[in-house]
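Hydrogens, waters and symmetry mates are skipped; everything else that's a heavy atom, side chains included, is used. All values derive from a computational prediction rather than experimental measurement.
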Amino acid sequence: MRFILLIVLALGLIAQNAKPPDAGRVKKALERAAQLEDAGKAEEAFKALTEALDADPNLARAWRDRGRLRWQLGEIEFGAADLNRALALDPNDPEAWVVRGDILSSAGKLQDALSDFNKASGMGYENARLYSSRAVVLVKLRQLDKAIEDFTRSVRLRLDNPGTYKDRGVAYTLQGKMQDAMEDYNRAITLNPNYAEAYLERGYVYGQLGQFDRAILDFTATLKLQPRNAKAYTLRAAAYQNLGQPQAAVVDYSEALKLSPNAVSVLLARGAAYAELQQFELSLGDRSRAVELSPNSAEAYIARGGSHHLMGNHDKGMADRNKAIELNPKLAEGWLARGSAYYLLEQYEKARADLEKALELNPALEEAKDVLAQTNEKLKKTTEPALAQKPEPVPESSLSAVQTLAEKQVAAPVAAVQTAAQVAPPQPVATAVALEPKLAAAPPEAATQPLTAESLNMLGRELNQTGDFQKAIDLFSQAIAKKPGFAIAFNGRGYAHMRLGQWKQAEEDFSLAIKTNPRYANAYLNRAAVRTKLGDTAGSQQDSAVAKQLGAR
């Protein structure tokens, strides 16, 4: 009993000796902290808040504000600890829940962050930052409809924040609502003409719509504001590549690689541009480097295999295609690549097996359909009793690489751009303009034989690859004259017209391809791009939607 009494007396003495908070000192420290933060002096503001807490350790507001500053200074764990202390002292402070939600979001704890934001919202807290922060988390969780609702609430509460418009534009982009996205990016740039991220995002949308000239202007604007933005160089390079300017693309890809030397997708894209320029050694170098950096990437092996075939190293090329299939047997492009190589090496039975496998995995893969049709034609001829003389061997220089999935993802302008609001980058999105499939030309028929429609079509495709579009148009026209319902040839001729800027003729050809084959996804994609050039926005959006329904990627 005496022992307990002594403890009680001791506690009483401690309580009597404890100094009460110095209200004047606390007030001055808080005022000084606010002034320093407004002046951009975060570290000095942090010290002022620490002084306030020394004077009153139970000041929840000071713990909250100091935690926010620690987070902004990169001290995420310490910032979270301060917020935990603030909420322990005052669990009814909605601003503290929002700040801790921001900290958890930056640490990748999305569900916990969402819970904190919902707690603040449940208190009836109407705040633009709450809604925009929660929207960013919802975008990362791919709950895009809910994210757009929150961004819109934020905009209504604060009309002058360009960041919210830009972030909502990203959400619209991920939904494929390009016109809505464009309006938000325009608004963001109007509010802040030096908003580099908004130019970058808008340039991406222009690329998706096939307006590559405008995309280049926006990426250039980004680089003027942020000269070390590797993504802007990469996307501008892709736009140049889509415009048939591979040399300009190489320059920009090289700048991107100076900033990010180990970017595998950029190495593959530059390798494709080098191949287009017939600089095969340089192309092989980039693709080999990609394999070294990403030894488990099937796409990298497919690309390098293409370079080996182009240079006549068929054993190495086939080994790379085999490796790609071993690494990812469910990747249709791997089977397409090996099937195309077998076709070019005149091993038609093996080619057919691989191409059929590619189409089993991806029934919408137009390139596989094209090569399979040519393969079946070759196999059919071998069963006819009166065979024409054997075709000449395929020249090694005509063994062009099948364009790989990885190259398409970068060369199209890709993939939506990661935003400054930590919006997670989406899965790669195919461009609105699908490059005409890079199939190798069939072996030329013997001089004594008239060329078939199929052979004329394949030769036209080869000319499309080399950029001789006018001659390609002539060959496609001859193919169509021999086979009036030849959808692939209409699409090839339309592509040549498109590359020459002959938009009306291109639209007519793509329409004929679609009329002949209403499920021709590639033709819909190409017509969508052309209609954009012709000012037919509604028609372009409709074609893009149909292509997506048909499985275009």
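Using modelled atom types and a 3.5 Å distance limit, the side chains of Y240 and Q247 yield no donor-acceptor pair. Using modelled atom types, one finds no donor on one side chain facing an acceptor on the other under 3.5 Å when comparing Y172 with E183. A donor-acceptor contact closer than 3.5 angstrom links the side chains of T173 and Y185.
Smallest separation of non-hydrogen atoms from P261 and L293: O-CD1, 4.5 Å. Pairing each heavy atom of G169 with each of A181, the nearest pair is O-CB, 3.4 Å. In terms of heavy-atom proximity, A528 sits nearest to S544 at CB-OG, 3.4 Å. Nearest heavy-atom pair, P329 versus L361, reported as atom, atom and distance to 0.1 Å: O-CD1, 3.5 Å. Taking every heavy atom of both residues into account, A128 and R158 meet most closely at CB-CB, 4.0 Å. Nearest heavy-atom pair across A96 and L87 is CB-CD2, 3.6 Å.
With salt bridges taken as basic N to acidic carboxylate O contacts below 4.0 Å, one links E292 and R289. Ion pairing between E255 and R236 fails under the 4.0 Å rule for side-chain N and carboxylate O. By the 4.0 Å N-to-carboxylate-O rule, E95 lies close enough to R129 to be salt-bridged with it. Salt-bridge formation is not detected for the pair K146/E149: no Lys NZ or Arg NE/NH1/NH2 atom is positioned less than 4.0 Å from an Asp or Glu carboxylate oxygen. Salt bridge present: E326 and K323 bring a charged side-chain N and a carboxylate O closer than 4.0 Å. Between R187 and D184 there is no salt bridge, since no side-chain nitrogen of the basic residue lies less than 4.0 Å from a carboxylate oxygen of the acidic one.
No side-chain heavy atom of D213 sits less than 4.5 Å from a side-chain heavy atom of L217. Between K47 and L36 there is no side-chain heavy-atom pair separated by less than 4.5 Å. You'll find the side chain of D218 stays beyond 4.5 Å of the side chain of E201, heavy atoms only. Residues K258 and Y233 have side chains not in contact (no heavy-atom distance under 4.5 Å, counting atoms from C-beta outward). Counting only heavy atoms from C-beta outward, the side chains of E126 and Y131 approach each other to under 4.5 Å.
Atom CD of E77 is surrounded by 12 or fewer heavy atoms from other residues, nucleotides or ligands within 6.0 Å. Atom CZ of R61 is surrounded by 12 or fewer heavy atoms from other residues, nucleotides or ligands within 6.0 Å. With a 6.0 Å radius and a threshold of 12 heavy atoms from other residues, nucleotides or ligands, R25 has its CZ atom above the threshold. Summarising the local packing, CD of Q72 is surrounded by more than 12 heavy atoms from other residues, nucleotides or ligands at distances under 6.0 Å.
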| said: Applying side chain to side chain donor-acceptor pair (under 3.5 Å) to S283 and S307, what does each step give before you reach the verdict? | reply: CA-CA 7 Å; S283 178; S307 283; 3.3 Å; yes
